[in-house]
K.L.:
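This is the structure I want to talk about, given as structure tokens.
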Amino acid sequence: MTPLTRTPHDPPALVLVAHGSRDPRARVTVDALMERVRRLRPALPVRLGHIELNEPLLPDTLARLSPTGTTGTTAESEARTAAESEARTAAEAEAPAAAVLVPLLFSPGHHVKHDIPETAASAPVRARVAAPLGPHPLLVDALCARLAEAGWRTPRDEATRRVSAVVLAAAGSRDPDSAASTRRTARLLAERVGVPVVPAYASAAAPTVEAAVRALAERGRHRVAVASCFTAPGRFATECAKAAPWIAAAPLGDHPALARLVLHRYDQALGHDEALGHDQVLDHHQALGQDDALLPGHPLTVRPPRTLTPAA
């Protein structure tokens, strides 16, 4: 890939930051999402960088955004960064960002708080890091659509509602902020699907999807769907889907709502006024109830349901 040639009037590049996966479907899915983002905003340069496992790695993507067109291996890039960072002047540090990094991650875990900002700080270009994709109403739009595609229908009668629930499957993190973020997404989703939504995790946090399904069954909820809070197919998404006792939604992939959310986070990172509307709505939702209200062992309270229909 050739270096990106920019003028002072060009918008900062949007760099999608994917985790990376050994599953070949993951790269195909992320590429499809990237193309959808490009179609929504054709004048915006959109690039891809991975945290691990797949090329291009994020440091190499950022190196190609350098005006000098610096390329090479990640190891070579790391060897240069310390001297380059020290040589950067105060004027350069205040220059407009050349890139905005949008993590394809859904909560503020270690990658969002440490790995991505550290990579951005050592890059040969000035880069900003956007917020993770969740929680946000657009994320819930995508989750609801994937559930509907899998066969979910909001229960219309009280008897069916009492035996129904959704497990929100996420990657998991030891960071308590990550779990709090996922609980907020679960609460937003519960308001949409009209049944309890329990967050569960593929690793590093509890409960697992299997444990969440078992806890719900013990409380009489056997009609349980699994919502996939993953961008693309991979080991975590596959393992979580296998634990579904009924239906499992597909990963979010290139759903239009997810593409719009990526652009929203990009605009938000640049301080664009039009990026504020959805987050004001989110602040309102976060003020409703306690984060743990939908976890096993807590009372299950549900707002009146909204019927979900399959996406067109």
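Just so it is clear, the structure is predicted and the values come from calculations on it, not from any experiment.
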K.L.:
Quick one: does V17's side chain get under 4.5 Å of T119's, heavy atoms only?
P.N.:
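V17 does not reach T119 side chain to side chain.
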
K.L.:
Find out whether L143 and L252 are in side-chain contact, i.e. whether some heavy atom of one side chain is under 4.5 Å from a heavy atom of the other.
P.N.:
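The answer is yes, as the side chains (C-beta and beyond) meet within the 4.5 Å cut-off.
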
K.L.:
Taking a hydrophobic cluster as the set of Ile, Leu, Val, Met, Phe, Trp and Tyr residues connected by side-chain heavy atoms closer than 4.5 Å, whether directly or through intermediates, do L147 and W246 fall within one such cluster?
P.N.:
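Cluster IDs for L147 and W246 match.
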
K.L.:
So which atom in N54 and which in G20 form the shortest heavy-atom distance, rounded to 0.1 Å?
P.N.:
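Reported closest heavy-atom pair: OD1-CA, 3.1 Å.
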
K.L.:
Atom CG of L16 and atom NE2 of H50: how far apart are they, to the nearest 0.5 Å?
P.N.:
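Reported to 0.5 Å precision, the distance equals 9.5 Å.
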
K.L.:
Check for me, please, whether V262 and L40 land in the same ILVMFWY cluster - side-chain distances under 4.5 Å, paths through other members count.
P.N.:
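Same cluster: V262 reaches L40 through Ile, Leu, Val, Met, Phe, Trp or Tyr contacts under 4.5 Å.
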
K.L.:
Return the minimal non-hydrogen interatomic distance between P135 and R265, and the atom names on each side.
P.N.:
O-NH2, 3.4 Å

K.L.:
Checking side chain to side chain contact (heavy atoms under 4.5 Å, CB included) for the pair C144/V193: CA distance, chi angles, key distance, verdict?
P.N.:
CA-CA 8 Å; C144 286; V193 299; 4.3 Å; yes

K.L.:
Going by salt bridge (Lys or Arg N to Asp or Glu O under 4.0 Å), name the residues that satisfy it together with R214, two or more places apart in sequence or in a different chain.
P.N.:
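Expected list: none.
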
K.L.:
Could you tell me which residues satisfy salt bridge (Lys or Arg N to Asp or Glu O under 4.0 Å) with E158, sequence neighbours excluded, listed by chain and number?
P.N.:
R161

K.L.:
Which heavy atom in A244 sits nearest to a heavy atom in I247, and how many Å separate them?
P.N.:
CB-O, 3.7 Å

K.L.:
What distance do D115 atom CG and L58 atom CG have between them, rounded to the nearest 0.5 Å?
P.N.:
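Here the rounded value is 10.0 Å.
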
K.L.:
Other hydrophobic cluster members with F236, side-chain heavy atoms of Ile/Leu/Val/Met/Phe/Trp/Tyr under 4.5 Å, chained?
P.N.:
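Traced through the cluster, F236 reaches F230.
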
K.L.:
Less than 4.5 Å apart, any side-chain heavy atom of L188 and any of L139?
P.N.:
no

K.L.:
Checking P233 now: which residues fulfil side chain to side chain contact (heavy atoms under 4.5 Å, CB included) with it, not counting sequence neighbours?
P.N.:
D23, R25, T29, P251

K.L.:
Could you tell me which non-hydrogen atom of A250 sits nearest to which non-hydrogen atom of S228, and how far apart they are?
P.N.:
O-CB, 3.6 Å

K.L.:
Taking R221 for the side chain and A165 for the main chain, is one N or O donor matched with an acceptor at less than 3.5 Å?
P.N.:
no

K.L.:
Show, in sequence, the C-alpha distance, side-chain angles and deciding distance for L133 and F106, and conclude whether the side chain to side chain contact (heavy atoms under 4.5 Å, CB included) test is met.
P.N.:
CA-CA 5 Å; L133 299 180; F106 300 97; 3.8 Å; yes

K.L.:
Is any side-chain heavy atom of V37 less than 4.5 Å from a side-chain heavy atom of V102?
P.N.:
no

K.L.:
Using modelled atom types only, decide if a donor and an acceptor are shared between the side chain of R38 and the backbone of V46 within a distance under 3.5 Å.
P.N.:
yes

K.L.:
Between the side chain of T231 and the main-chain N/O of L104, is any donor-acceptor distance below 3.5 Å?
P.N.:
yes

K.L.:
Are R192 and D141 side-chain neighbours, meaning at least one heavy-atom pair lies under 4.5 Å?
P.N.:
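Result yes, sub-4.5 Å side-chain heavy-atom pair found.
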
K.L.:
Evaluate the side chain to side chain contact (heavy atoms under 4.5 Å, CB included) criterion for residues V15 and L101: first the C-alpha distance (whole Å), next the side-chain angles of each, then the deciding distance (0.1 Å), finally the verdict.
P.N.:
CA-CA 5 Å; V15 179; L101 280 53; 4.3 Å; yes

K.L.:
Side-chain contact, heavy-atom cut-off 4.5 Å: R64 with P56?
P.N.:
yes

K.L.:
Would V226 end up clustered with V163 when hydrophobic side chains under 4.5 Å apart are linked, directly or stepwise?
P.N.:
no

K.L.:
Distance check, rounded to the nearest 0.5 Å: L138 atom CG versus H255 atom NE2?
P.N.:
10.0 Å

K.L.:
Excluding sequence neighbours, so at least two apart, what forms side chain to side chain donor-acceptor pair (under 3.5 Å) with R41?
P.N.:
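Expected list: D267.
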
K.L.:
Restricting to ring pair (Phe, Tyr, Trp, His ring centres under 6.0 Å), what partner residues turn up for H111, sequence neighbours left out?
P.N.:
H19

K.L.:
Show every donor-acceptor pair shorter than 3.5 Å between a side-chain atom in residues 200-212 and any protein atom, with sequence neighbours excluded, or say none if there are none.
P.N.:
residue	atom	partner	partner atom	Å
S203	OG	A171	O	3.3
T208	OG1	A211	N	3.1

K.L.:
Measuring only between side-chain heavy atoms, which start at C-beta, is D60 closer than 4.5 Å to E55?
P.N.:
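With C-beta onward as the side chain, the pair touches.
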
K.L.:
Using a 3.5 Å distance criterion without hydrogens, assess whether the side chain of S181 forms a donor-acceptor pair with backbone atoms of D177.
P.N.:
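Side chain of S181 to backbone of D177, a donor-acceptor pair under 3.5 Å: no, none is there.
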
K.L.:
Could you work out, with side chain to side chain donor-acceptor pair (under 3.5 Å) as the rule, every residue matching R162, not counting sequence neighbours?
P.N.:
none

K.L.:
Identify whether NZ of Lys or CZ of Arg in R146 sits under 6.0 Å from the centre of the six-membered ring of W152 and within 45° of that ring's axis.
P.N.:
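Geometry flag: not set, cation outside 6.0 Å or 45°.
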
K.L.:
In the structure I gave you, are the side-chain heavy atoms of H264 and L261 within less than 4.5 Å of one another anywhere?
P.N.:
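In contact.
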
K.L.:
So, for P256 and R36, which heavy atoms are closest and what is the spacing to 0.1 Å?
P.N.:
CG-NH1, 3.5 Å

K.L.:
Measure the CE-CG distance between M34 and L14 for me, rounded to the nearest 0.5 Å.
P.N.:
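Taking CE in M34 and CG in L14, the distance rounds to 10.5 Å.
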
K.L.:
S173: what forms a side chain to side chain contact (heavy atoms under 4.5 Å, CB included) with it, not counting sequence neighbours?
P.N.:
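Only D175, S178 meet the side chain to side chain contact (heavy atoms under 4.5 Å, CB included) criterion with S173.
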
K.L.:
Tell me if a side-chain donor or acceptor on R128 pairs with a main-chain N or O of A269 at a distance below 3.5 Å.
P.N.:
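At least one qualifying donor-acceptor pair exists.
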
K.L.:
One pair to check against side chain to side chain contact (heavy atoms under 4.5 Å, CB included): T61 and L48. What are the steps and the verdict?
P.N.:
CA-CA 7 Å; T61 296; L48 172 65; 5.8 Å; no

K.L.:
Applying side chain to side chain contact (heavy atoms under 4.5 Å, CB included), name anything that partners P117, two or more places apart in sequence or on another chain.
P.N.:
none

K.L.:
State whether D31 and R27 are salt-bridged, where the test is any N-O pair (Lys NZ or Arg NE/NH1/NH2 against Asp/Glu carboxylate O) under 4.0 Å.
P.N.:
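Judged by the 4.0 Å cut-off on N to carboxylate O distance, D31 and R27 do form a salt bridge.
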
K.L.:
I'd like to check the ring pair (Phe, Tyr, Trp, His ring centres under 6.0 Å) partners of H222; sequence neighbours left out, ordered by chain and number.
P.N.:
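Scan of H222 (ring pair (Phe, Tyr, Trp, His ring centres under 6.0 Å), adjacent residues dropped) gives none.
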
K.L.:
Can you see which heavy atom on A120 is nearest to which on L62, and at what distance?
P.N.:
CA-CD1, 4.3 Å

K.L.:
Test of understanding: with side chain to side chain contact (heavy atoms under 4.5 Å, CB included), list the residues that count as partners of L53, not counting sequence neighbours.
P.N.:
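Once residues adjacent in sequence are excluded, the partners of L53 under the side chain to side chain contact (heavy atoms under 4.5 Å, CB included) criterion are R22.
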
K.L.:
To the nearest 0.5 Å, how far apart are OG in S164 and CG in L216?
P.N.:
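Rounded to the nearest 0.5 Å, the OG-CG separation comes to 10.5 Å.
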
